[in-house]
Q: 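Let me give you the structure first, and then I'll get to my questions.
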Amino acid sequence: MSKRVGILSLVAVAAGALLVWAQERPTFRVKVDMVVLSFTVQDHKGKYVNELKPADFRIREDGIVQKLATFAIGNRPALQVNEDGSTKPLIGGESGSPGKPGLDPRADAFIGTSVFVLFDTSNFMYRGFVYAEDAIADFVRGLDRADSVAIYTFSRNLSRPGPLSKDRGEAITGLRKAVAGDDTALYNGLLLTLRDAAKIPGRKVVIVFSNGPDNASMVAPDDVRSVAEDEGIPIYVISTNEVNKDPISSGVFKRITARTGGKAYWAKTWQKQVEAFESIREDLGNSYTVTYYPQANPNEGFRKISVEIPADTGKKYLVRNRPGYRPRSTF
C-alpha cells in the first residue's frame, strides 16, 4: 500500500513540474504592425496611371482582402480611407484609430518620401567619381519639397555624411565630402542603410549608385533583399557597369529591385545616369502608397501581397509592387 502511495506521489510531483514548465516556456506570437505598400500602375504603352482612387484597388494578403487605412498618390497629401471606401484628409481628428495603434493623422509620416542615396566610393568608381557626384547632386536638387533625403557613402565601411533632412544644401555638402578608395562592401552598406530607413515611419526608398562588383561584404545579397522586402522599402539601383560585363552583380540587382518594387538601371555614361535619376524621380512622383492593418491570418511565414484593379477590363494595366513580407515574431 505504501509503495502504491509513493508511486502516486512521484506522478503528482512530475505532473506539477510539467505544468510549471509549460507555464514558463516562452510562447512565440506573430506581431504585424501597419503595412506600408508602395506600387506603380502603368498602361500598355508604359504611361503612368495616377488618377485611380482607393475604391479602384483590391489589396489581398494571402488571398485575404485588406481594408485600407490611408491612400496617397506621389507626394500629394495622404487621405484617410473610411469603412465605406470614402476618403477624408489626414488633418486633425483623434491620434490614432481605435484598436489600430501607430496611425497618427497629424504626423508627418504620411507626407513626402524619405530618400536614402547610397553612393559607392570604392576604388571601382574612381574614374567616374566626379560625374557621379554631379548626377546625384542634380537629383537631390530636383526632389519634391516634401521629401527628405540622406546621403550615405560606402567602400569597405559605411559613412553617413548627409543625415536625413529636408535641407538640400546639407545633403549636397555631405556628398561633396566623399573620397574614393578602398574595397567594395556593397551589401554590408545596403543592410545598414535599410536598418536606418526602417526606423523612419512612412514611405521610404533606397537608391544605390554603384558599378556592381562586391569584394568585401560579410552578408549575402539575398539576406539584404529579405530585409528590404519585409520592411517594405523599394530599392532602386543605378549601375555604372554594363549589364553583360558582370552577370553576377547584374542578376543580383535585377532580383533585389524586382522583389522590393524598385527598378534597376545600367548607365555607363553621365547622361544615362542623369536619365536614370530622372526616371526614379518620375517613378516616385507617380507611385501609390497605401497603408493597412492586416486581417487575421494564421500564416507566420511569407505572406503574399497582390494588388488588383477589378475594373481593368481590357486595359491591361501593369502593377509593380513588392510580392510580400514576413511578419515579425515576438515572445
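Reckoned from all heavy atoms, side chains included, excluding hydrogens, waters and symmetry mates.
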Q: Excluding sequence neighbours, so at least two apart, what forms side-chain contact (heavy atoms from CB on, under 4.5 Å) with L318?
A: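 side-chain contact (heavy atoms from CB on, under 4.5 Å) check on L318 returns nothing, list empty.
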Q: Would you call E83-K67 a salt bridge at under 4.0 Å N-O?
A: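 Result for this pair is yes, salt bridge flagged.
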Q: Tell me every residue that passes ring pair (Phe, Tyr, Trp, His ring centres under 6.0 Å) with Y288, counting only those two or more places apart in sequence or in another chain.
A: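 Result, ring pair (Phe, Tyr, Trp, His ring centres under 6.0 Å) vs Y288: F39, F57, F71.
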Q: Applying ring pair (Phe, Tyr, Trp, His ring centres under 6.0 Å), which residue pairs with at least one partner in residues 179-204 are found, sequence neighbours left out?
A: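 For residues 179-204, and leaving out neighbouring residues, there are no ring pair (Phe, Tyr, Trp, His ring centres under 6.0 Å) pairs at all.
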Q: Could I get the full list of salt bridge (Lys or Arg N to Asp or Glu O under 4.0 Å) partners for D230, not counting sequence neighbours?
A: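 With neighbours one apart ignored, the set is R326.
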Q: Tell me, please, which residues at least two apart from D183 pass side chain to side chain donor-acceptor pair (under 3.5 Å).
A: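 Scan of D183 (side chain to side chain donor-acceptor pair (under 3.5 Å), adjacent residues dropped) gives R156.
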Q: Taking side chain to side chain donor-acceptor pair (under 3.5 Å) as the test, write out the residues that go with R225, two or more places apart.
A: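 Testing R225 for side chain to side chain donor-acceptor pair (under 3.5 Å), a comparison that skips the adjacent residues, returns E229.
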Q: Scan residues 34-51 for pairs that pass salt bridge (Lys or Arg N to Asp or Glu O under 4.0 Å), counting only residues two or more places apart or in two chains.
A: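 Listed once each, the pairs are E51-R76.
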Q: Under a 4.0 Å threshold between the charged nitrogen and the carboxylate oxygen, would K166 count as salt-bridged to D147?
A: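 No, this pair does not count.
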Q: Can you list the residues that meet the side-chain contact (heavy atoms from CB on, under 4.5 Å) rule with E231, with sequence neighbours excluded?
A: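 Checked E231 against side-chain contact (heavy atoms from CB on, under 4.5 Å); matches are A198, V227, I233, R328.
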Q: Residues two or more places apart in sequence or in another chain: which of them pass side chain to side chain donor-acceptor pair (under 3.5 Å) with T269?
A: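 Counting only residues at least two positions away or on another chain, T269 forms no side chain to side chain donor-acceptor pair (under 3.5 Å).
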Q: Through direct or indirect side-chain contacts below 4.5 angstrom among Ile, Leu, Val, Met, Phe, Trp and Tyr, which residues connect to V140?
A: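 V140 clusters with V115, V117, F119, M125, F129, I136, F139, L143, V149, I151, I172, L175, V205, I207, F209, Y236, I238, Y265, F277, I280, L284.
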Q: Could you check R141 against D138 for salt bridge (Lys or Arg N to Asp or Glu O under 4.0 Å), going step by step and ending with a plain yes or no?
A: CA-CA 5 Å; R141 295 187 189 100; D138 287 344; 2.9 Å; yes
Q: Considering only residues two or more places apart or on different chains, which pairs with a residue in residues 148-180 satisfy ring pair (Phe, Tyr, Trp, His ring centres under 6.0 Å)?
A: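 Those involving residues 148-180 are F116-Y152.
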Q: Would you mind listing every salt bridge (Lys or Arg N to Asp or Glu O under 4.0 Å) that reaches into residues 265-276, with sequence neighbours excluded?
A: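 Non-adjacent pairs meeting salt bridge (Lys or Arg N to Asp or Glu O under 4.0 Å): E242-K268, K272-E275.
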